[in-house]
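One structure is given below, encoded as structure tokens.
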Amino acid sequence: MTAGGAPKAGRKEWIGLGILALPTLLVALDVFVLLLALPHLSADLGANSNEQLWIMDIYGFLVAGFLIPMGTLGDRIGRRKLLLIGGAAFGGASLLAAFATSPGMLIAARVLLGIAGAAISPSTLALISTMFQDAKQRAAAIGMWASCFTLGAIIGPMLGGVMLEHFWWGSLFLLGVPVMVLLLIAGPKVLPESANAEAGRIDLPSVALNLGTTLPVIYGIKDMARNGFSPLSAAAVVVGVVLGVLFVRRQLGLASPLLDVSLFKHGRFSASLLGLLAYSLIGGTVMLLMTQYFQAAQRMTPIESGLGLLPGMAAATVAFMVCPIIARKIRPAYVIGAGIVGVVTVLLIFSQLDAETGTATLIAGFAVFSFCGAPVVALGTNMVVGTVPPEKAGSAGALSQISNEFGAALGVATLGTLGLTVYRNSVDTTVPANIPADAAEAARDSVSGASAAAQGLPQQLADALMEPVRTAFTDGIHTVATVSAILIAVAGAFFVVKMRHIPPIGQEDAPADATASDEQALAA
């Protein structure tokens with residue numbers, strides 16, 4: 001027992017954390033390996049461009065759409081039970097995907113994988129909060145859990161590349177089968193069951209409204225990020241927002257809501273979600289622009305581009321482990337605030353990036369960016385889960401994941417579109433007159449189009465085309481980095497002001513200057 005009365009986790013709980021880490025790693029890895037497999041499976045199955053987009057996107061759509069219903073379902077029927085059901089479904093859907101014989105069959109398998117993935121993510125986080133009741137241990141466990149996402153980004157491309165060298169594309173999906181078999185065998189032995197005994201029945205109209213909110217908004221944002229503004233994508237966002245308002249109103253009138261909106265009354269809870277949303281908004285955009293810069297502007301291979309991101313992923317993994325330890329001595333708001341200062345500094349450096357020699361700056365800067373941003377994710381997630389009563393841990397875990405999903409999609413749609421607009425305005429007037437019209441038009445459309453067009457030109461013309469393209473794309477990075485620095489600085493200042501009273505982790509038993517609402521949250 002700790003001084004505050006919370007029991008310490010033992011060997012069984014730490015083994016259980018390892019079991020929980022495996023499906024979490026797999027859910028993250030599943031996204032990255034598909035990026036490599038897409039050209040192979042598209043050629044084998046004869047998937048057209050529209051089918052390829054659905055193969056890629058439908059998984060993320062369904063994960064985002066079902067996070068809240070699955071988190072609440074776990075609170076009602078038991079988090080371990082839902083995790084095992086989700087694990088069995090994920091393993092079965094992985095087999096279906098591996099041996100798919102048509103694009104439609106693969107898309108259907110990806111639908112099942114998305115729904116199963118939505119059951120896994122909030123269940124793992126809710127179980128961690130149950131298993132690790134000591135504040136220090138819980139913070140460390142959540143840091144380890146969060147590191148699984150960056151480990152998936154590190155391992156995914158390398159493992160996928162090796163497997164594609166020796167096996168067919170379907171072998172990548174088979175990775176999920178042994179992991180889920182291990183979960184099903186070991187899970188019941190080392191994972192506790194936890195549920196809200198007083199929860200009522202799930203309100204099916206609320207589930208429908210939640211899906212009607214999440215799916216159209218995510219679709220509309222991603223479509224605008226990919227294809228620009230269109231009436232259909234704008235209408236999807238509007239419909240989603242309207243249904244979202246109806247969803248919230250319905251929750252306020254239910255005795256047993258799908259989502260307890262009263263959670264947002266806690267300042268710690270709301271501020272932590274805002275921090276997660278803001279960081280994922282700029283983090284996803286930075287990674288997108290970096291990979292485009294590496295592959296299109298600098299003509300690096302996909303493997304070289306992946307290696308360029310590795311230092312940043314490794315730095316984030318280390319930081320996820322270290323920041324909960326630091327937060328035992330220093331108030332979490334100050335740890336996060338110091339990290340935000342580092343993130344803003346890197347973004348300001350990116351705003352001065354040189355078009356010709358910026359590769360090394362991006363690689364080193366991204367490593368610092370990732371290390372400094374990790375406290376937002378690790379400590380912010382810990383605050384989200386640690387604030388709510390144990391019976392609502394599944395819902396809290398789902399909301400933290402939703403913040404990441406929405407943030408990444410919104411960042412690409414807004415900041416990514418801003419960078420593209422700056423690029424197009426710049427390149428439109430700088431492409432040399434002697435460049436063939438079709439190549440010049442491709443360059444005006446996107447940096448990837450310019451890179452593809454340059455491959456079909458004589459070397460001298462290709463160099464003449466890519467020089468203004470690199471400059472224009474770097475101009476876009478400058479603008480996005482500047483705006484991102486302002487956004488994350490504002491969000492970070494708000495977070496520090498709002499959360500500065502919270503004591504270091506493990507010293508929360510007597511928060512002398514806590515607000516009344518946060519005292520209630522801590523007591524919960």
Residue pair Asn210 / Pro69, side-chain heavy-atom distance below 4.5 Å: yes
Point-to-point distance, once rounded to the nearest 0.5 Å, from CZ of Phe495 to CE of Met383: 4.5 Å
Test side chain to side chain contact (heavy atoms under 4.5 Å, CB included) applied to Phe369 and Leu347, step by step: CA-CA 8 Å; Phe369 178 97; Leu347 289 171; 4.0 Å; yes
Rounded distance (nearest 0.5 Å) linking atom CE of Met180 with atom CD1 of Ile120: 3.5 Å
Heavy-atom side-chain contact between Thr474 and Asp354 under 4.5 Å: no
Any Leu273 side-chain heavy atom under 4.5 Å of Leu277 side chain: no
Whether Ser426 side chain and Val422 backbone form a donor-acceptor pair below 3.5 Å: no
Validation row: Leu22, Leu183 side chains within 4.5 angstrom (heavy atoms): no
Residue pair Val179, Phe90: steps toward the side chain to side chain contact (heavy atoms under 4.5 Å, CB included) verdict: CA-CA 10 Å; Val179 170; Phe90 199 96; over 6 Å; no
Interatomic spacing from CZ in Phe173 to CZ in Phe99 - rounded to 0.5 Å: 12.0 Å
From CA spacing to verdict: side chain to side chain contact (heavy atoms under 4.5 Å, CB included), Ile68, Thr214: CA-CA 10 Å; Ile68 290 178; Thr214 311; 5.7 Å; no
Asn425 side chain vs Thr421 backbone, donor-acceptor pair below 3.5 Å: yes
Any donor-acceptor pair under 3.5 Å from Thr213 side chain to Gly244 backbone: yes
Note, Met321 side chain near Met144 side chain (heavy atom, < 4.5 Å): yes
OG-CG distance between Ser102 and Asp44, expressed to the nearest 0.5 angstrom: 11.0 Å
Candidate pair Phe366 and Phe350, rule ring-ring contact (aromatic ring centres under 6.0 Å, His included), full reasoning: CA-CA 10 Å; Phe366 183 62; Phe350 284 175; 8.2 Å; no
Minimal non-hydrogen separation, Met105 against Leu96, with atom names: CE-CD1, 3.3 Å
Where Ala378 and Cys323 come nearest, the two heavy atoms and their spacing: CB-SG, 3.7 Å
Nearest non-hydrogen partners of Ala481 and Ser351, listed with the distance: CB-N, 3.8 Å
Residues which pass side chain to side chain contact (heavy atoms under 4.5 Å, CB included) with Ala236, listed by chain and number, not counting sequence neighbours: Pro216, Tyr219
Donor-acceptor contact present, side-chain Arg110 to main-chain Ile55, <3.5 Å: yes
Side-chain heavy-atom pair Pro324, Ile142 within 4.5 angstrom cut-off: no
Non-hydrogen side-chain atoms of Tyr279 and Ile336 separated by less than 4.5 Å: no
Plane angle bin for Phe473 and Tyr423 - parallel if under 30°, tilted between 30 and 60°, otherwise perpendicular: perpendicular
Atom pair CH2 (Trp169) and CG (Leu45), whose distance is rounded to the nearest 0.5 Å: 4.5 Å
Distance in Å, Met290 CE paired with Ile477 CD1, rounded so as to fall on 0.5 Å steps: 9.0 Å
Step-by-step side chain to side chain contact (heavy atoms under 4.5 Å, CB included) determination, Leu83 to Leu20: CA-CA 9 Å; Leu83 176 65; Leu20 291 175; 3.4 Å; yes
Any side-chain heavy-atom pair of Thr430 and Thr471 under 4.5 Å: no
Smallest separation among heavy atoms of Leu82 and Met70, with atom names: CD2-O, 3.0 Å
Where Val469 and Ala450 come nearest, the two heavy atoms and their spacing: CG2-CB, 3.6 Å
Least distance between heavy atoms, Gly365 atom then Val346 atom: O-CG1, 3.3 Å
